[in-house]
Amino acid sequence: MRFQYAADLPITSARAKILDMVRRHPVVVLVGETGSGKTTQVPQYLAQELLGAAGSSGRPPVIGVTQPRRVAAITVAKRVAQECGVELGQEVGYAVRFDDQTSTKTIIKYMTDGILLREILTDTTLSKYAYIVLDEAHERTLHGDVLFGLLKQLRQRRPTLKVIVMSATLDAESFSRFWDNAPMGYVAGRQFPVTVFYTVEPQLDYVDAAITTVLQLHLQEGPLQGDMLVFLTGQEEIDDAKKILEERSRRLSATAMKLKVVPLYAALPPDKQMLAFAPAPPGCRKVILSTNIAETSVTINGIRYVIDTGMVKAREYNPNTGLDALRAVPVSRAQARQRAGRAGREAAGKCFRLYTEDSFDTFAQHTTPEIQRVNLSSVVLHLKHLEVHDILQFPFMDPPSKDALVQSLETLLALGAVDADLRITPLGTAMALFPLDPMHAKALINSFLPPFRCGRAMAVIIAMLSVENVFFTPKSEQETADAKRRIFASPYGDQLTLLNVYKAYQKAKKRRGQKEWAQEHYINLRSMASVDDVLGQLLELEPAARAIMQKDAGAGAAAANPTALAGVELDSEDLQVRKCLTSACFLNAAVWSPGDRCYRTAVGRNTVHVHPGSVLFQSQKPNCVIYNSVVHTTQRFMRFVLEVEERWVLEYGRYVYRAPDSQPKKKRPATTAEGSSFLGGVKRARGEAPP
DNA sequence: GAGCACTGC
C-alpha cells in the first residue's frame, strides 16, 4: 500500500498537526470546509500511523470511516483505493447495505453510519476498529447522532478506541463540548467566492419570483456564463414552474440564448435524473429546478448561479398524535449557506436569495437534528437491544423530547417488544434483528408463526413498503398509468395490491420480460430490484428471529399469538395477511366516521383521510382500516390502507384498547403529566404482557 | 374529494 501526499490539497500542510492531535487526544474534532480533502486524506494519515506502529501479525486493526450516504461511501473508497494503488476491497474497501467490498486485509473501511450501527449489534465493543472517523457530522443524521452517544459510552469501556469527528461547519464547538472539550483542528477549504444577493422586498409568491429571476438573469448575464440551479420544495411545484418557464422563455427575443429546463427530484426515475447532469446543448443555458436533493446528495457540474427560494419541505413528527407532517418551511441559515456554496464549486458564482436579509436573520441557525423530528421506536428498540436500559439518561448530543421517548416506549410496550419493566423481551430481541420499523418487524415475525403462516407474502409486502417509488406517474400520463395499474388492485387495499404487483413482476421476470412489463405498467424497475434485495435480506435474517421465538416458547412462555382468532387453516392468503398485519399494526387503526365522512384514528381520535394514491381512495369506505403511515400535507392522509375487521383490532390490541365498553380510547393519554393511563394500564397487565 | 422533501439499515 503506497501513499500519495496529494500536495495540492489544502489539508496536506496540516498533516503533521492533525496526527499530533490524534496521538495526544482520544477524541479530536476536525473542521474542514468543502474541498479540503479531509475525507480522503485523514484516513490515509491514520493508516500510515497504524502501519508504522505495527509489528503486526494477524489481522490489522481497522480505520472505520462513516458517511451519511451510500454514494459517498462508495465513491470515496474507490478514489482512496486508487490513490493508495490498491485494489478496491483489499486494503481499502467499503460496506453499504447489500454491498460489502471489504476483506480481512482491509485497513480503511468506508461505510454508511447505519452499517456501523448494525455492526455494534454483533460486536458491541467494535473490537476490530482502532479509529472511528465520523465524517459529515454536521449533517446530524439520525444514525450519526445515535453513534455519537454509543461511541461516547463505548469509549469508557474501550479507552484505546480513538474517535475523530469531522464536520464541515465552523461552529464545531458543540461537538467539542459533547466530547468533553475535545480539541479542534481547522483545515481551510477550497471554495470559490459566491456573491449573495437578497431581495429588497419580501416575495409573496416565491415560485413566480424564481421564474422571473431566472429569466432576468438569463438576459442580463453574458452568454454561456454557466448554468443555474433553482431550489424549490417539491415535485408538483417543480413541474408547474418548468411549464411556465418554458412558455415564457419561448417568448424571448430570437437573438437570446435558449434555456434548457430540467427537473430534479428523488422520485424521478434514474434515466430522467441523468438529464440534470448532462451538459446543455451548444448555445443553450441549463436551468435545473431541484428539491434539496441538490443541496448535499448530488453535485452538478457547471453551476454558477444559485436561486434560493428559502423554502424546503420538512418532516415534523408529533409524538402526541404519532403522526407525521410534511410542510414547506423556511430553510435554516446553515442550509441557505450550503445552497449558496453550490454556485462556487468551479469558479466564482452568484446566489440570489428570494427573501430579504432581515428575514434571513430570522431563520433558525441550524436545521433541527433528525433525532428530534422522527418516531424513535426503532432507535429505542436498538438501544434496548444494546442494553441501554435508561433511555432518558442516554447521552444524546441534542436529546429528543421526553414525550417522544416515552411515546416510543409505549409503542414498544404495546407491541410486546419490552415488558412492563421496560426490559427488552425475546420478541423485542427478535424484532431488533431486522432493519425495519418495529411494527413491520413484528408483522414479519408473526407471519412465520401459527396461526398466520403467510411468511413469504408478508416479507414481500414489507419489502414493497420499505422501498420508495414503486409507481412512477408522469403528470401528463396519469390517467393511462392509473388505468394500467388497476389490474393489480385488491379490494382490501394497498398492502395486498403491492403483493399483486410483486407477483406480476415475478411472472414477468420468469419470462424475462420485466423491462417491458415495468414500462407498460408505469412501475419503477429499479425499485423492484431493491425490493428483491430487501426481500432476500429479510428472509436471510428470519430464521435467527424464529429461533429466538421458539426458544422462548420452549421455555414455557405464553403462546406467541392470541388464539381467539385461530382457525385460520382454512383462511385464504388474503385473510391471513390481513389478520397478521393487524396483529402488529393495531395501533395504526382508523374507523370510518359516517357523520363527518372521514376516518378517525383509534389512538388519538385524529381526523384522517385515505390518500389519493390509495386503491381505496375511490372505493366505498370500509368501516375499519389499518394504515402504514399518516402524512399531513393539505390534510392528514393515510398512506397504504388495508381493510380489516374492527374486532381483530380490539383483540390483538386488547392491552391498549381495553376500555370497559371495549371502545378504542378517546385520546392518546398525556403520559408525562397526568399519571400515564396507557402506560399504567399496561403495567397492570404485568405477567401477561402482550404477545 | 384529488397528492407523495431527503437519507438509511
Side-chain angles (χ1 to χ4, degrees), chain A residues 66-73 95-100 111-122 136 139-147 231-240 264-268 290-298 309 311-316 324-329 331 335 338 367 370-371 373-374 378-379 381-382 432-438 440-441 463 466-473 475 478-479 482 494 530 533-534 537-538 541 597-598 609-614 616-619 621 628-640:
Chain A
T66 68
Q67 295 287 328
R69 282 170 293 279
R70 294 167 59 98
V71 268
V96 297
R97 192 181 188 185
F98 308 127
D99 190 5
D100 185 347
M111 66 196 126
T112 45
D113 39 26
I115 287 276
L116 188 61
L117 210 48
R118 290 211 81 76
E119 275 187 21
I120 298 181
L121 288 180
T122 47
E136 312 284 3
E139 290 200 23
R140 304 298 307 276
T141 60
L142 179 65
H143 288 160
D145 271 14
V146 176
L147 276 177
F231 285 101
L232 293 161
T233 66
Q235 179 175 344
E236 197 173 9
E237 199 173 272
I238 286 171
D239 288 341
D240 289 348
L264 180 63
Y265 42 82
L268 218 51
S290 175
T291 60
N292 54 344
I293 188 173
E295 212 172 88
T296 50
S297 303
V298 300
T309 58
M311 299 296 284
V312 65
K313 261 190 199 162
R315 184 163 77 177
E316 285 167 13
D324 267 325
L326 198 60
R327 289 190 307 169
V329 295
V331 295
Q335 255 180 309
Q338 175 78 21
T367 312
E370 193 182 1
I371 202 157
R373 287 185 289 127
V374 297
S378 189
V379 164
L381 181 62
H382 197 106
L433 298 181
F434 294 100
L436 293 172
D437 171 71
H440 290 159
S466 52
V467 304
E468 286 289 324
N469 314 326
V470 171
F471 302 114
F472 171 66
T473 316
K475 223 180 172 185
Q478 193 168 328
E479 278 177 29
D482 286 351
D494 299 303
S530 24
D533 284 337
V534 176
Q537 191 184 30
L538 298 182
L541 290 168
R597 299 193 52 74
C598 67
H609 303 270
V610 174
H611 193 281
S614 167
L616 294 184
F617 180 62
Q618 285 174 333
S619 63
K621 297 297 175 285
N628 190 61
S629 60
V630 172
V631 67
H632 190 156
T633 51
T634 53
Q635 296 180 98
R636 283 177 181 145
F637 290 109
M638 300 181 280
R639 300 188 67 190
F640 300 106

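In what follows, chains are A, B, ... by sequence order, proteins preceding strands, each numbered from 1.
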Is A:Glu237 salt-bridged to A:Lys313, going by a charged N under 4.0 Å from an acidic O? no
Between [options], which nucleotide has the shortest distance from any of its atoms to the side chain of [X]?
| X | options | value |
| --- | --- | --- |
| A:Ser297 | B:dG3, B:dA2, B:dC6 | B:dC6 |
| A:Asn292 | B:dC6, B:dT7, B:dC9 | B:dC6 |
| A:Ile293 | B:dG3, B:dC6, B:dG8 | B:dC6 |
| A:Pro612 | B:dC9, B:dC6, B:dA2 | B:dA2 |
| A:Arg69 | B:dG1, B:dG8, B:dC9 | B:dG8 |

Rounded interatomic separation in angstrom, taking [atom1] from [X] and [atom2] from [N]:
| X | N | atom1 | atom2 | value |
| --- | --- | --- | --- | --- |
| A:Ile238 | B:dA5 | CD1 | C1' | 10 Å |
| A:Gln235 | B:dG3 | CD | P | 13 Å |
| A:Ile371 | B:dT7 | CD1 | P | 20 Å |
| A:Asp99 | B:dG8 | CG | C1' | 15 Å |
| A:Asp437 | B:dT7 | CG | P | 20 Å |
| A:Tyr265 | B:dA5 | OH | C1' | 13 Å |
| A:Arg315 | B:dT7 | CZ | C1' | 9 Å |
| A:Gln618 | B:dG3 | CD | P | 13 Å |

Taking all non-hydrogen atoms of both residues, which atom of A:Ala95 and which atom of A:Ile115 are closest, and how far apart? O-CG1, 3.7 Å
Tell me what [X] touches on the nucleic acid: a base, only sugar-phosphate, or nothing, going by heavy atoms under 4.0 Å.
| X | value |
| --- | --- |
| A:Arg118 | base |
| A:Val631 | nothing |
| A:Leu117 | nothing |
| A:Arg70 | sugar-phosphate |

Whether [X] side chain and [Y] backbone form a donor-acceptor pair below 3.5 Å:
| X | Y | value |
| --- | --- | --- |
| A:His382 | A:Val146 | no |
| A:Arg639 | A:Val631 | no |
| A:Arg118 | A:Leu433 | yes |

Ranking A:Val312 and A:Leu436 by the position along DNA chain B of their nearest nucleotide, the one closer to 5' is A:Val312
Go nucleotide by nucleotide along DNA chain B from the 5' end; which of A:Gln537 and A:Ala314 gets its closest nucleotide reached first? A:Ala314
Is the phosphate of [N], meaning OP1 or OP2, less than 4.0 Å from a side-chain N or O of [X]?
| X | N | value |
| --- | --- | --- |
| A:Thr291 | B:dC6 | yes |
| A:Arg373 | B:dC6 | no |
| A:Thr634 | B:dA2 | no |

With no hydrogens and no angle check, do the side chains of A:Asp113 and A:Thr141 hold a donor and an acceptor under 3.5 Å apart?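 Their side chains do contain a donor-acceptor pair, which is all the 3.5 Å distance test asks for.
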